[in-house]
2 protein chains.
Amino acid sequence: MEGHDQIRSAGAHVPALRRAVAILDHVAASSDAPTLSGLARALGLPKSTAHGLVQAMEELGLLVRAADGSLRTGPHPLRWAGDFLARTDLVSVFRHAIAESRRFDRFTVTMTVLDGGEVVYIACSDASRPLDVTFRIGMRLPAPFTATGKALLAARPERDLDGLFAQGFPAPLTRYSVASLPALRRELVETRERGFSIDDGQIREGLFCLGATVGDHTGHAVAALALSLTRSEATPEVIATLGRSLVEAAADLSRRLGGG
Amino acid sequence: MEGHDQIRSAGAHVPALRRAVAILDHVAASSDAPTLSGLARALGLPKSTAHGLVQAMEELGLLVRAADGSLRTGPHPLRWAGDFLARTDLVSVFRHAIAESRRFDRFTVTMTVLDGGEVVYIACSDASRPLDVTFRIGMRLPAPFTATGKALLAARPERDLDGLFAQGFPAPLTRYSVASLPALRRELVETRERGFSIDDGQIREGLFCLGATVGDHTGHAVAALALSLTRSEATPEVIATLGRSLVEAAADLSRRLGGG
DNA sequence: CCCTATCGTTCAATATATTGAACGGATGGT
DNA sequence: ACCATCCGTTCAATATATTGAACGATAGGG
């Protein structure tokens, strides 16, 4: 179970906090609202321990309990997520540079940040309708398979990859998903050479995505943009042209964030 | 310090989690990124305890540490906030019913949920520009002073108010802010009679807001809308007309959520 | 240049959290 | 209607987290 090993790993501090995070992750990931006993079972927790945690989490606004006892994520993390988004100013900059400028009107453009070995979606400009940030906030996918994730991982020191995937490489989402850390390393070398990343059907077959990192005032990659098209549209000319445009757009966002 | 009493209250369980939440609240509320020693001091925690908590929170993606040691909120709560927003479907419904329909084009309309004794902003339609959800996500204000907060509190059982403000009534934001729980109760009686709430300069002088609750499929108030205008615009006729429209809009949202 | 103050970090002594066992209640099947 | 199963909850015995004292590093002021 996700996070389960993180709860129990040798030398891990503050187990109550780790368990609470695992509970929230589980509840957020569940399509059906779990009960206290159900999540205790799923996460391998004693019922009385889960009970104490859940009670505290309700008091803190982290979880909400329905009348039938089922549990849902509560409003309190909105405060932290809102601060995270406001602080980095990423979404505002995205809006100005991508969504409102109609720079890539024909394509879906998304922005993500890295969270461990996954990417989290924080902004989206959908070609078919107005800006739809909220739908995507918090959505996550394994970084190795996404264009933004590949761009962000390519910008990280090589040694970081061992730590990010020490507990196992994510299971492939399609038959094109990169299947191992060595194979991912080779892709990242290509990404650095090319200047932008490519996800060719690794998230969904037929979907072709380009990615480029956005740097902050220190130059560090803090987010990445991805542009999506269909595989049939992705001729070498189109890839080169859109890749260049995306890198320029990402550089534009970087400048707006105070980067070089 | 906010949350401080919550950490140490008699019978409080899971102190490590409460402390972690207090740390996140502090970091989210700080305009300057605090250091480990600074937040230990601010929250009355032993440095070694704060150190252990912060290290775990970094590992969990709850906090991010800059090169100079300063701390910021991390990306992980996005997952939970995103689930919370997606699950209730509130923002999507808001978008369709308010933002896209241009129902209240000349006014700012916001939507909040209750989190303890505060409201959290989850959507906003600003008269002067396109939908700007992300700017407001997580922003919070004391519920007693806001139009949405008054509407939500009016929909709660009377006895809940004692619990929500057991640890003290919030300090007024302006000279018009309601100053006590008994006075708030009287306002809520008026709110129920009128069918919508009024914030007359309690958040900011000169700002006049109307509020109405949005119910879910069970009929329970899960969010509230507020419409903002200036005090000079707020003649009795305008108040009556806009109040009615807001209640209708809120009922419309309720129907879209499966309510009566 | 030197000294003081504060930082982040470590670890064994001290303080406290966790949880197994048991309970009453609710639900569903026979 | 009754019984079995599972639920949420409680609490004292058991297991473990917390933290004071100390350290090396860093920064700023004299």
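Remember, predicted model here, so these are calculated numbers, not experimental data. The chains referred to below are lettered A, B, ... by the order of the sequence lines, with proteins before strands, and numbering in each begins at 1.
Distances shown here put a side-chain N or O of B:R19 below 4.0 Å from the OP1 or OP2 atom of D:dT19. Taking only side-chain nitrogens and oxygens, B:S48 never comes nearer than 4.0 Å to OP1 or OP2 of D:dG20. Residue A:H51 has no polar side-chain atom (N or O) positioned under 4.0 Å from OP1 or OP2 of D:dG8. Regarding contacts with the backbone of D:dT9, a side-chain N or O of A:R65 is found under 4.0 angstrom from either OP1 or OP2.
Separating the CG atom of A:L36 from the P atom of D:dT10 is a distance of 12 Å, rounded to the nearest angstrom. Summarising the geometry, the separation between NZ on B:K47 and P on C:dT9 is reported as 10 Å, rounded to the nearest angstrom. Rounded to an integer number of Å, the gap from CD of B:E58 to P of C:dG8 is 11 Å. The distance from atom CG of B:L45 to atom P of D:dG20 is 11 Å, rounded to the nearest whole Å. The interatomic distance linking B:H13 (NE2) with D:dG8 (P) rounds to 17 Å, in whole Å. If you measure from atom CG of B:L39 to atom P of C:dC7, you get 11 Å, rounded to the nearest angstrom. A:L53 has its CG atom 13 Å from the P atom of D:dA17, to the nearest Å. As rounded to whole Å, 11 Å separates atom P of C:dT18 from atom CD1 of A:I23.
For the atom pair CG (A:L164) and CZ (A:R156), the distance works out to 5.5 Å, reported to the nearest 0.5 Å. The CG atom of A:L43 sits 12.0 Å away from atom OG1 of A:T49, with the distance rounded to the nearest 0.5 Å. One finds the CD atom of B:Q55 at 12.0 Å from the CG atom of B:L63 (value rounded to the nearest 0.5 Å).
Nearest to the side chain of A:R41, among C:dT10, C:dT19, D:dC7, sits D:dC7. Nearest nucleotide to the B:S37 side chain, out of D:dG8, D:dT18, C:dC7: C:dC7.
Side-chain contact between B:T112 and B:L141: absent, with no pair of heavy atoms (C-beta onward) separated by less than 4.5 Å. When side chains are defined from C-beta on, B:D25 counts as touching A:W80, because their heavy atoms get closer than 4.5 Å.
Looking at B:L253, B:L153, B:L152 one by one, the single match for side chain to side chain contact (heavy atoms under 4.5 Å, CB included) with B:T213 turns out to be B:L152.
Using a cut-off of 4.0 Å between Lys/Arg side-chain N and Asp/Glu carboxylate O, B:D162 and B:R185 are scored as salt-bridged.
Axis angle across the helix from C:dC1-D:dG30 to C:dT30-D:dA1, with five pairs used at each end and values rounded to 10°: 50°.
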